[in-house]
> 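Right, I'll just put the structure down here and ask away after.
Proteins come first, then strands; the chains are lettered A, B, ... in the order of their sequence lines, and each starts at number 1. From a predicted model like this one, the values you see are computed outputs, not experimental measurements.
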Amino acid sequence: MKALLIAESREGKVLGCSSELIAFSQQTGFDSVMFMVGSADTLPKFNGTLYLADSSKYADYNPAVHKQLILEVVAREQPDMIVFSHSSYGWDLAPRVAYSLGAAQFSEVTEVVNGLPVVPACNSKLRRSLKAKSTITVLTLQAGAFSLSEDVTTAPSVQQIDTDSHSQVTFIGYEQAALGGVDLGKAQIIVSAGRGIGGADNVSIVSNLAKALGGEYGASRPVVDAEWVEHARQVGTTGQTVSPKLYVACGISGAIQHLAGMKKSEFVVAINTDKDAPIGEIADVLVVADVKLFLPELTQRLQAV
Amino acid sequence: MKILVCIKQVPDMESKFKIDSAGTWYDTSELAWRMNEYDEYGVEQAVQLKELTSGDLTVLCIGPDRVKETMKKALAMGCDRGAHISDADFASKDPFEIAGIIAEYAKDKNFEAIFTGMQSQDRGSAQVGVLVAEMLGLPSVTTVVGFSYDNGTFQVKRELEGGVKAMVSVAAPALFTCQLGLNTPRYPTLPNIMKAKKKELLSIPFQELLKVEAKMETASIQLPEKKGGGLVLEGEVGELADKLIAILKEKTGVLAR
Ligand SMILES: Cc1cc2nc3c(=O)[nH]c(=O)nc-3n(C[C@H](O)[C@H](O)[C@H](O)COP(=O)(O)OP(=O)(O)OC[C@H]3O[C@@H](n4cnc5c(N)ncnc54)[C@H](O)[C@@H]3O)c2cc1C
Ligand SMILES: Nc1ncnc2c1ncn2[C@@H]1O[C@H](COP(=O)(O)O)[C@@H](O)[C@H]1O
């Protein structure tokens, strides 16, 4: 069996997910070849053939053309499986490739059990095992689900690949993340507000606890989207990645994109009314309580210490 | 401009989920239902585009009769009519079949903009929108967090990892999958809720539109095994606070002053 691994690059830099793709193919015992639209100056480490398309020619984002390039590689290599990361690049491109090949697509695969891919459902409260009806399949891998025990150090053998197809979508350029005032990355203690706090007025019960603990306060995405808290304080894949000594998640369910930003915290406390909230999976202590009642009590006692 | 927005009805994610008798989906009795969160942004963007272009906006939803409640919310937010594709067993259809039904409905209606959510909260496949576009031969842009339209061209921003955005332009017709935070979805006002009751909400049996076959099936659905997890504390808030402080003192260095 053979897998075609789709690595990613942005602005000439290889993104870290390529090693997760290699880890996946090692675990499943597949032969593999790799594909990337990027620059010959920075290549992913890979012990095998890399089909490289030049990003100065094909742009970082140009889905119809990137799809065509992948289809060229598929025609040459005849893989059984095409593996993407479940990333903004991967989930955009994977269904296009799957459609062209008449393939089943398994999205956000976390593991393979008895030959069947497993994917999360309902904010990871459930897991589904899926079965393809097609012979060729397309997968996207959940970020962080597969990792290498040992770094690959070999450089790939590069094969240039080209296409003359065009796209109706024009990539104009990047807008970099706004640089905010707070750098949560350095904080030793972070208390974060989730949608469960119930409203902008309750941000203060979270920031008060942060102050009583001598730390900073952060937030989950809906709290930022609703403008209760500024974006600089958002924790997660589209915010900051933090690793404090203590992380207190207040009214946060524990979606994978939030966990990705804080799972390296040394000690995690979660306060949630839902005893089954997925945050419980990684929390050292889950306090089953209403944040509006519990946080003021806790803050008051800490101030009294 | 003729516009289509696709919405899905999903359970409240704070629900306690049970497995159904077939072992392939969650049990749907005793759940509270709502509009897929991503689709709320889709509806809002579609309504804004309709207002900008004095257009005409259809909301489409595949599902059993109960999804009409969610469709009424979309109508109250400003959609002009509802196309309910009636299917009691839609949860067993894979993304390819769902997309096939939508594409079949849309194919000769000349929509110039189609909106979907970037993913559904229960299944989360993030496939249906892109597949619809591929089936219709339209360009599509996913994970949209910024949107504008002028003179036949859409300018959108895609959200990438780490807060970076990619700016992209595409001419109509095109499909967009909407990400959280794209806009601020409006609350339906009481007069608009009343008006929505008079809007067209037509049910079409899915059999009339399903022309494709599934690419995959669910072998089984399970509750995740508890991987140990941590300590769970329950009780009166004062006692809980005392317990937590004791734990923090013992297990972490953060309370030592
Ligand atoms: C591509 C992508 C990128 C994303 N990036 C990020 C990111 O960077 N950061 C991020 O956080 N999210 C991100 N998300 C969103 C993520 O999927 C979740 O939607 C989000 O994390 C949910 O935030 P939440 O836990 O605050 O809200 P919810 O999921 O709504 O959870 C609220 C929680 O509060 C609890 N609760 C309710 N009332 C109370 C109460 N009174 N007391 C105590 N608990 C209560 C509930 O039981 C529930 O568990 C991203 C999503 C996508 C698709
Ligand atoms: N049953 C459905 N009816 C209408 N639209 C749907 C349905 N299922 C999915 N969609 C649309 O497709 C998007 C992506 O869904 P999914 O591919 O399941 O993650 C959703 O946000 C909806 O806009």
> Looking only at non-hydrogen atoms, find the nearest pair between A/Val288 and B/Leu240 and report the distance.
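Closest pair (atom of A/Val288, atom of B/Leu240, distance): O-CD1, 4.0 Å.
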
> So do B/Leu248 and A/Val269 actually touch side chain to side chain, heavy atoms under 4.5 Å?
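Counting from C-beta outward, A/Val269 and B/Leu248 do come under 4.5 Å.
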
> Please identify, among A/Val285, A/Leu246, A/Asp60, the residue contributing the most non-hydrogen atom pairs under 4.5 Å to chain B.
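Of the candidates given, the most pairs with chain B belong to A/Val285.
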
> Can you tell which part of B/Leu244 gets under 4.5 Å to a heavy atom of chain A, answering side chain, backbone, both or neither?
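Side chain only.
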
> To check you understand the geometry: which heavy-atom pair defines the closest contact between B/Ala219 and A/Leu116, and what is its length?
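What the structure gives for the nearest pair is CB-CD1, 3.7 Å.
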
> Using non-hydrogen atoms and a 4.5 Å limit, figure out which bit of A/Ala283 sits close to chain B: side chain, backbone, both or neither.
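Interface part for A/Ala283: backbone (N, CA, C, O).
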
> Below 4.5 Å, heavy atoms only, C-beta onward: do A/Trp91 and B/Thr143 meet side chain to side chain?
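Sidechains of B/Thr143 and A/Trp91: in contact.
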
> Can you find a pair of side-chain heavy atoms, one from B/Phe17 and one from A/Asn123, that are under 4.5 Å apart?
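B/Phe17 vs A/Asn123: side chains apart.
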
> Using a 4.5 Å heavy-atom cutoff, which residues in residues 131-143 of chain A come close to chain B?
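If one takes a 4.5 Å heavy-atom cut-off, the residues of residues 131-143 of chain A near chain B are A/Lys131, A/Ala132, A/Lys133, A/Ser134.
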
> Does the side chain of B/Val232 come within less than 4.5 Å of A/Lys275's, by heavy atoms?
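The answer is yes, as the side chains (C-beta and beyond) meet within the 4.5 Å cut-off.
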
> So if I take each residue of residues 116-129 of chain B and look for any heavy atom under 4.5 Å from a heavy atom in chain A, which residues do I end up with?
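B/Met118, B/Gln119, B/Gln121, B/Asp122, B/Arg123, B/Gly124, B/Ser125, B/Ala126, B/Gln127 fall under the 4.5 Å cut-off.
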
> Where does A/Ser87 contact chain B at under 4.5 Å (heavy atoms): side chain, backbone, both or neither?
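Backbone plus side chain of A/Ser87, per the 4.5 Å heavy-atom cut-off to chain B.
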
> Are any side-chain N or O atoms of B/Arg158 and backbone N or O atoms of A/Tyr61, one a donor and one an acceptor, separated by less than 3.5 Å?
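Absent.
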
> At what distance, to the nearest 0.5 angstrom, does CD1 of A/Ile189 lie from CG of B/Leu255?
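Reported value, rounded in 0.5 Å steps: 7.0 Å.
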
> Treating A/Arg96 as the side-chain partner and B/Ser140 as the backbone partner, does any N or O pair qualify as donor plus acceptor under 3.5 Å?
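Checking the backbone N and O of B/Ser140 against the side chain of A/Arg96, a donor-acceptor pair under 3.5 Å is found.
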
> Let's test your reading of the structure: which of B/Pro139, B/Gly163, B/Ser169 forms the most heavy-atom pairs below 4.5 Å with chain A?
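Greatest number of close heavy-atom pairs with chain A: B/Ser169.
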
> Let's test your reading of the structure: which of A/Asp92, A/Leu295, A/Val287 forms the most heavy-atom pairs below 4.5 Å with chain B?
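Ranked by contacts with chain B, first place is A/Asp92.
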
> What part of B/Lys243 is in contact with chain A, defined as an atom under 4.5 angstrom from a non-hydrogen atom: side chain, backbone, both or neither?
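Neither part.
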
> If I measure from the heavy atoms of chain A, does B/Glu37 come under 4.5 Å with its side chain, its backbone, both, or neither?
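Answer is side chain: those atoms of B/Glu37 sit under 4.5 Å from chain A.
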
> List the atom of A/Pro95, the atom of B/Leu131, and the distance in Å for their closest heavy-atom pair.
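Scanning both residues completely, I find the closest heavy atoms to be O-CD2, 3.7 Å.
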
> Heavy-atom cut-off 4.5 Å, strictly under: side chain, backbone, both or neither for B/Glu213 against chain A?
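Neither part; nothing is under 4.5 Å.
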
> At a 4.5 Å cut-off on heavy atoms, which part of A/Pro120 comes close to chain B: side chain, backbone, both, or neither?
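Only the backbone of A/Pro120 comes within 4.5 Å of chain B.
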
> Indicate yes or no for a side-chain donor-acceptor contact from A/Arg301 to the backbone of B/Gly238 under 3.5 Å, with no hydrogens or angles considered.
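At least one qualifying donor-acceptor pair exists.
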
> Search all heavy atoms of B/Glu134 against all heavy atoms of A/Lys67 and return the closest pair with its distance.
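That would be OE1-NZ, 3.1 Å.
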
> Heavy-atom pairs under 4.5 Å with chain A are the metric here; pick the option from B/Met13, B/Lys165, B/Met135 that has the most.
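Most pairs with chain A among the choices: B/Lys165.
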
> Considering only heavy atoms and a distance below 4.5 Å, find which of A/Val268, A/Val119, A/Asp276 pairs most often with chain B.
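Option with the greatest count: A/Asp276.
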
> Evaluate the side-chain proximity of B/Ile19 to A/Leu126: yes if any heavy-atom separation is below 4.5 Å, no if none is.
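With C-beta onward as the side chain, the pair touches.
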
> Picking from A/Ile282, A/Val118, A/Leu286, which has the most non-hydrogen pairs under 4.5 angstrom with chain B?
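The option with the most such pairs is A/Leu286.
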
> Can you check whether anything in residues 167-174 of chain A gets within less than 4.5 Å of chain B, heavy-atom wise, and list it by number?
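Interface residues of residues 167-174 of chain A: A/Gln168, A/Val169, A/Thr170, A/Phe171, A/Ile172, A/Gly173, A/Tyr174.
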
> So do the side chains of A/Leu130 and B/Thr218 get within less than 4.5 Å of each other, counting heavy atoms only?
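A/Leu130 vs B/Thr218: side chains touch.
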
> Please determine, among A/Gly102, A/Ser107, A/Ser129, A/Ala226, the option with the most heavy-atom pairs under 4.5 Å with chain B.
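Heavy-atom pair counts peak at A/Ser129.
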
> Tell me every residue that passes salt bridge (Lys or Arg N to Asp or Glu O under 4.0 Å) with A/Lys125, counting only those two or more places apart in sequence or in another chain.
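With neighbours one apart ignored, the set is A/Asp274.
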
> Is A/Arg195 salt-bridged to B/Glu14, going by a charged N under 4.0 Å from an acidic O?
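Between B/Glu14 and A/Arg195 there is no salt bridge, as every charged N stays at least 4.0 Å from the carboxylate O atoms.
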
> Quick one: what part of B/Leu223 sits under 4.5 Å from any heavy atom of chain A, side chain, backbone, both or neither?
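It is both, since atoms from each part get that close.
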
> Looking at B/Val170, B/Val168, B/Val156, B/Thr184, which one has more heavy-atom pairs under 4.5 Å with chain A than the rest?
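Most heavy-atom pairs under 4.5 Å with chain A: B/Val168.
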
> Can you tell me if B/Glu159 and A/Ser88 form a side-chain donor-acceptor pair at under 3.5 Å?
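No pair is found: no donor N or O on one side chain lies under 3.5 Å from an acceptor on the other.
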
> Given that the side chain runs from C-beta out, which part of A/Ala255 has a heavy atom under 4.5 Å from chain B: side chain, backbone, both or neither?
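No part of A/Ala255 comes within 4.5 Å of chain B.
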
